[in-house]
2 protein chains.
Amino acid sequence: MGTTEDKLAERARQRREYDAFLAQCPSRQLLDRISDKWVALVLAALGSGGPHADPDVVGEPTPMRYSELARRLSGVSQKMLTQTLRHLERDGLLTRTVEPTVPVTVTYELTDLGLSLHGVMRHLKTWAEAHMDEVAAHRVEHDAAVAV
Amino acid sequence: MGTTEDKLAERARQRREYDAFLAQCPSRQLLDRISDKWVALVLAALGSGGPHADPDVVGEPTPMRYSELARRLSGVSQKMLTQTLRHLERDGLLTRTVEPTVPVTVTYELTDLGLSLHGVMRHLKTWAEAHMDEVAAHRVEHDAAVAV
DNA sequence: CAGTATCCAGCTAGATACTG
DNA sequence: CAGTATCTAGCTGGATACTG
C-alpha cells in the first residue's frame, strides 16, 4: 500500500546492489559521466521550461534545437556539445528527433529519466550561482592566510 | 515576513547576478569545479553521518581522517584525494584539522557551506545508484539499434 | 600517518576544415 | 542546420619514490 515504504525499500535494495564508493561499481562510472559541467548545463537548458526557473518546481521538458543549445551554453564547442548529447541519448536521458526538412531540423528533448536527473542537477547549478559569493570570500581569506 | 518569500527573492537576485550558462561567469567555473566525481564522493563520505544513509535526511557532518577517506573512496589516488581536499578547503567547504600527535593526525570535516552542497550532491550519487539499471538497459537498446 | 615531488601516458577538448 | 573528421596542445590523473 505505502508508496513511500515501497520507494524506500526499493532505494535500499538498489543501494545494496550498487555503491558508487566502489571503483568497480557501474554506478561509479555513471556518477563520473553525469558529474560533468556540460551534462549539468544541457539538462538545465532542456528542463528549464521557460521563465519559471523556481528551483523547487520541476520544469516541463523544453525541446530545443541543436543551435539553440549551442547558443545557450556559451563557450561550448561543437565537439563537446555533440558528444554530450550523444552520451545522454545513449543513456536514455534525452531523445533526438530529426525532421527531414531542408536543411534538416534536429530537436532534443528530455525523457522522463532525463527529467528525473534534471530534478537533481539543476540544484547543482543553482547552488553554484547562489553560493558563489561565499566561496569567493573563502578563497580570498584562505589565500591571505597562506600568503602569511 | 515570509522567510519563504525572502529565500525566493534572494535566490532570484543571485540568479540575476550569476548565470552558469555564461562562460565568463564565476559560477560557471564553480559549477565546473563541483561537477567532479571525487568532489561528489568526498562530500558523500564526510556528510553521510553513519549508517542512516536515507537520502531524504541531511546527515550530520562526519569527521574523517585522510586514510579513512582514502579507504572509503576506492580507487582514488593520493594525488587526486589531496588535490580535491585542498580545493574544498580553499573554497570553504571543509576544514582541515591537524593534531600534533606522532605521527600526525589530520581530520577533515564539512563546514555548513559544505554540508549545504552535500545536501545537493548526495542526490547525484543516489540517482546514479538508483537508475544504473535503467541506463544500462537504454545503452543495450541503443547500441543494438545502431548496430542494425 | 599524511602527505609532497616528479614524471609521463593518455585522454580531453579546442581549433579548423569539410559535408549531406 | 547540424553535424563529421582530423590534428594537436595541454591538462588530468595514475604510478612511483621520497619525507616530517
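Letters A, B, ... mirror the listed sequences (proteins, then strands); counts begin at 1.
Taking atom OH on B:Tyr66 and atom C1' on C:dC1, their separation rounds to 10 Å, with Å as the unit. Atom NE2 in A:His87 sits about 16 Å away from atom C1' in D:dG3, given to the nearest Å. Atom-to-atom, CZ of A:Arg86 to P of D:dA5 comes out at 11 Å; the value is rounded to the nearest Å. Whole-Å rounding puts the A:Glu68 CD to D:dC1 C1' distance at 12 Å. Going from atom CG of B:Leu85 over to atom C1' of C:dT4 covers 14 Å, rounded to whole Å. Look at CG on B:Leu73: it is 15 Å from C1' on D:dG13, rounded to the nearest Å.
Taking every heavy atom of both residues into account, A:Gly75 and B:Ala23 meet most closely at CA-CB, 4.1 Å. Taking all atoms of both residues into account, the shortest heavy-atom contact from B:Leu94 to B:Leu46 is CD2-CD1, 3.7 Å. A pairwise comparison of heavy atoms in A:Arg28 and B:Ser74 identifies NH2-O, 2.7 Å as the closest pair. Smallest separation of non-hydrogen atoms from A:Leu30 and B:Ala128: CD2-O, 3.4 Å. Of all the heavy atoms in B:His118 and B:Gly47, the pair that sits closest is CE1-O, 3.1 Å.
Cluster membership check: A:Val98 shares its hydrophobic cluster with A:Tyr66, using side-chain heavy-atom separations under 4.5 Å among Ile, Leu, Val, Met, Phe, Trp and Tyr.
Which of D:dA2, D:dG3, C:dT4 sits closest to the side chain of A:Val104 comes down to D:dA2. Which of C:dA2, C:dC1, D:dG3 sits closest to the side chain of B:Arg96 comes down to C:dA2.
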Are there any protein N/O atoms within less than 3.5 Å of an N/O atom in nucleotides 11-17 of chain C, and if so, which ones and at what distance?
{"unit_1": "C:dA13", "atom_1": "N7", "unit_2": "A:Lys79", "atom_2": "NZ", "d": "2.4"}
{"unit_1": "C:dA13", "atom_1": "N6", "unit_2": "A:Lys79", "atom_2": "NZ", "d": "3.2"}
{"unit_1": "C:dG14", "atom_1": "OP2", "unit_2": "A:Ser77", "atom_2": "OG", "d": "3.0"}
{"unit_1": "C:dG14", "atom_1": "O6", "unit_2": "A:Lys79", "atom_2": "NZ", "d": "2.9"}

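Remark: B:Ser67 is in phosphate contact with C:dA2, judged by side-chain N or O atoms under 4.0 Å from OP1 or OP2. Between B:Tyr108 and C:dG3 there is a side-chain polar atom (N or O) within less than 4.0 angstrom of OP1 or OP2. Taking 4.0 angstrom as the limit, A:Arg65 places none of its side-chain polar atoms (N or O) nearer than this to OP1 or OP2 of D:dC1.
C:dC11 and D:dG10 make up a base pair, with Watson-Crick or G-U wobble contacts both under 3.5 Å.
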(request) Would you sort out whether A:His123 and A:Trp127 count as a ring-ring contact (aromatic ring centres under 6.0 Å, His included), showing the intermediate values? (result) CA-CA 6 Å; A:His123 292 300; A:Trp127 188 93; over 10 Å; no

